[in-house]
Every structure is written in C-alpha cells, then in structure tokens.
Amino acid sequence: HRNAYYSLVGIGLPNAGDVSTELTVRLSNNITVTASNPLIINAGSTAPVLVHIDSLTLEPGGQIQCNTAVTMTVENFIKN
C-alpha cells in the first residue's frame, strides 16, 4: 500500500530563467470515496498540487473537493 506526500521547493522551470516554484505531490494506491468519506484536496500554500492515484472508486454520494490548483491523474476510475 502506497501513500506518499512530497513538497518540493525551489524547482527550476525550463526556460524560466531564475524563477523557481513550490510543488506538492501526493501519491496513493487505492482510494474509495463515499458520501461519508469525501476526497478533499487542500494545500498548505498557494503551491499547485499534483495527485496520482492508481485506483479511485467513487461510491454514490461521494465527492471530490479541490480547494486549490490540482492536476489529478487516475489510472483506474470506478464509479459504482
């Protein structure tokens, strides 16, 4: 089972000169989202958040709430 959180600071962007940024990365194997257990994505700063989930199951009434700039990749999405 893999759950990981990384905060990367000072990443140089190609062709951006001396500009650097902060980036948050979250990884998980399997997540089941239900009405009583929503997936809520927040950031501790204004940094964008990258989320990678191997398998995401969305049950009836389940919600995904993104309260920041998010790029999410899901390998296997199951809607029940």
Side-chain angles (χ1 to χ4, degrees):
H1 182 59
R2 172 185 65 169
N3 279 318
Y5 167 86
Y6 304 95
S7 183
L8 308 172
V9 181
I11 299 171
L13 300 174
N15 302 319
D18 293 331
V19 176
S20 64
T21 189
E22 179 179 343
L23 176 67
T24 300
V25 179
R26 295 181 181 162
L27 307 170
S28 184
N29 279 345
N30 303 301
I31 294 178
T32 299
V33 180
T34 65
S36 62
N37 188 32
L39 174 59
I40 302 171
I41 302 171
N42 293 312
S45 67
T46 59
V49 177
L50 298 179
V51 176
H52 180 86
I53 302 168
D54 290 334
S55 180
L56 183 123
T57 302
L58 184 63
E59 297 289 340
Q63 295 182 8
I64 300 171
Q65 301 172 13
C66 301
N67 301 318
T68 188
V70 175
T71 299
M72 181 184 301
T73 304
V74 177
E75 297 293 329
N76 186 30
F77 181 78
I78 303 163
K79 183 178 177 190
N80 290 332

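Not counting sequence neighbours, the partners of Asn42 by the side-chain hydrogen bond (donor to acceptor under 3.5 Å, both in side chains) test are Asn67.
Taking CE of Met72 as the reference point, atom CD1 of Ile64 lies at 5.0 Å (rounded to 0.5 Å). Atom CD of Gln63 sits about 10.5 Å away from atom OG1 of Thr34, to the nearest 0.5 Å. Here the CD1 atom belonging to Ile53 is positioned 9.5 Å from the CG atom belonging to Asn30, to the nearest 0.5 angstrom.
Residues in residues 68-80 take part in these side-chain hydrogen bond (donor to acceptor under 3.5 Å, both in side chains) pairs, two or more places apart or across chains: Glu59-Asn80.
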Output, in order, the C-alpha distance, side-chain angles, deciding distance and verdict of side-chain contact (heavy atoms from CB on, under 4.5 Å) for Val51 and Leu39. CA-CA 11 Å; Val51 176; Leu39 174 59; 5.8 Å; no
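Hydrophobic clustering, with ILVMFWY side chains joined whenever heavy atoms are under 4.5 angstrom apart, keeps Ile40 apart from Phe77.
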